[in-house]
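In what follows, a structure is listed as structure tokens, so that the remarks can point back to it.
The structure presented is a predicted model; accordingly, all values stated were derived computationally and were not measured. We name chains A, B, ... by the order of the sequence lines, and we start the count at 1 in each one.
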2 protein chains.
Amino acid sequence: MAEASVATAKPIKTALTGDDGIDFAIIELFFFAYRDFTSDPDQILADYEFGRAHHRILHFVNRMPGLTVAELLDVLKITKQSLARVLKQLIDTGHIIQVQGPRDRRQRELYPTAKGRTLALDLARPQSRRIREALRDAGPGDREAVERFLKAMVNPELRPQIDNLP
Amino acid sequence: MAEASVATAKPIKTALTGDDGIDFAIIELFFFAYRDFTSDPDQILADYEFGRAHHRILHFVNRMPGLTVAELLDVLKITKQSLARVLKQLIDTGHIIQVQGPRDRRQRELYPTAKGRTLALDLARPQSRRIREALRDAGPGDREAVERFLKAMVNPELRPQIDNLP
DNA sequence: AAATTTATGTCAGTCATGTTGACATATTTT
DNA sequence: AAAATATGTCAACATGACTGACATAAATTT
């Protein structure tokens with residue numbers, strides 16, 4: 001009887017801890033670290049009335065100029081309808097321009113403009129500074145350990161994509 | 001003249017690289033790693049028609065049983081209106097229960113039920129497994145390097161909050 | 001005892017970013 | 001000529017955040 005009623009379910013008063021076989025320390029550190037890592041560019045983006053979606057697109061167009069819409073969708077793992085609205089805003093504001101593909105004229109190659117390059121750098125700078133400061137007191141090999149860890153956290157099938165970046 | 005027109009802005013064809021003074025390697029690794037890290041619980045949550053918001057609430061209620069609504073808001077850094085809907089669903093589905101504060105009867109202490117404890121563990125398990133596998137081939141001290149790095153990525157004023165977890 | 005502050009809940013509206021499904025167009029490949 | 005591909009666009013919807021306003025109960029201050 002009692003266990004069928006939500007109202008009578010008993011509160012558990014003991015905390016989950018690492019003793020339960022779960023690596024809560026890194027789970028939580030990862031959550032807080034990523035939240036603050038993304039808060040830096042968020043502040044700048046607000047001035048442009050842009051969001052994180054704009055940031056991601058602008059970032060990869062700057063890192064891989066000339067990539068096509070399909071390639072960008074593959075990197076971001078979102079649908080083209082999601083991309084469309086945000087990409088259109090970046091094009092309308094002159095941060096990104098589309099160039100018809102030279103071989104295949106159906107394709108649209110995406111390039112940053114000078115304005116888009118400047119914004120991409122402005123957004124990346126505080127993130128890079130945060131990383132630099134986080135590694136300032138790191139010992140030799142620590143940076144490599146962090147890189148190996150982060151890469152190993154990525155799904156194996158996606159790792160080649162990362163290696164393709166400049 | 002020409003520079004005033006969006007249509008005539010010139011495409012930049014060179015890629016942004018580490019030479020531009022930005023740590024793109026870790027910026028991108030962090031992005032991809034976090035995306036895949038969160039994809040594990042997302043799959044499980046979909047079965048319950050829950051989202052990441054439910055996960056975060058359930059996680060911290062399990063890690064800090066008896067915390068009040070105000071304390072939870074402070075950890076998550078969201079508004080009470082954002083919390084309300086999602087918390088209500090977790091209460092209605094019997095994952096979390098509220099207990100009137102013993103000292104201050106205005107407060108509502110939040111506790112997981114057995115059902116909520118089980119789900120929290122089910123969600124944490126694949127994340128912990130991913131971390132374990134990412135660290136499997138790590139050298140001695142690598143884990144500590146990763147922990148130090150992640151903690152240093154968090155805003156300094158929030159680090160005490162992390163130290164308070166069990 | 002009355003006034004104020006605090007903790008929580010709730011209503012209403014808005015926004016950003018994602019989703020699915022359907023369909024149009026131009027271009028390339030078969 | 002037909003089929004496949006790359007892109008764009010329309011419509012409807014879901015999630016999870018936001019702001020602002022207001023209500024209630026309880027604790028604290030005056």
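- Ring planes of H55(B) and H59(B): perpendicular class, angle over 60° (limits at 30 and 60°).
- Relative orientation of the F37(A) and F30(B) rings is perpendicular, given thresholds of 30° and 60° on the angle between their planes.
- Comparing R103(A) and A53(A) along DNA chain C, the residue whose closest nucleotide (by nearest heavy atom) sits nearer the 5' end is A53(A).
- The nearest whole Å value for the distance from the CD1 atom in I57(A) to the P atom in dT7(D) is 14 Å.
- If you check residues 30-48 of chain B against DNA chain D, you find no residue with a heavy atom closer than 4.0 Å.
- Electrostatic pairing of D163(B) and K151(B) counts as a salt bridge here, judged by a charged N lying under 4.0 Å from a carboxylate O.
- For R106(A), whose side chain is taken as the heavy atoms from C-beta onward, the closest listed nucleotide among dG8(D), dT17(C), dA26(C) is dA26(C).
- Using a 4.0 Å heavy-atom criterion, one finds that H55(B) contacts no nucleic acid atom at all.
- The distance between atom CD of E49(A) and atom P of dT14(C), rounded to the nearest whole Å, is 17 Å.
- One finds the CG atom of L29(A) at 10.5 Å from the CZ atom of R159(B) (value rounded to the nearest 0.5 Å).
- Contacts of residues 62-89 of chain A with DNA chain C (heavy atom under 4.0 Å): K77(A), I78(A), T79(A), Q81(A), S82(A), R85(A).
- The two residues L76(A) and I57(A) come nearest to each other via the heavy atoms CD1-CG1, 3.8 Å.
- Taking CD1 of I96(B) as the reference point, atom OG1 of T113(B) lies at 8.0 Å (rounded to 0.5 Å).
- Q98(B) has a side-chain polar atom (N or O) that falls below the 4.0 Å cut-off from OP1 or OP2 of dG9(C).
- Between G51(A) and E109(B), the residue anchored closer to the 5' end of DNA chain C is E109(B), taking for each the nucleotide with the nearest heavy atom.
- Note on R143(B) versus E147(B): salt bridge recorded, some NZ/NE/NH1/NH2 to OD/OE distance being below 4.0 Å.
- The distance between atom CG of D104(B) and atom C1' of dT28(D), rounded to the nearest whole Å, is 10 Å.
- Between Y48(A) and H54(A), the distance separating the two ring centers is not shorter than 6.0 angstrom.
- Closest heavy-atom contact between V69(A) and Q98(A): CG2-NE2, 4.4 Å.
- Distance, H54(B) NE2 to dG16(D) C1': 10 Å, rounded to whole Å.
- R105(B) has a side-chain polar atom (N or O) that falls below the 4.0 Å cut-off from OP1 or OP2 of dA27(D).
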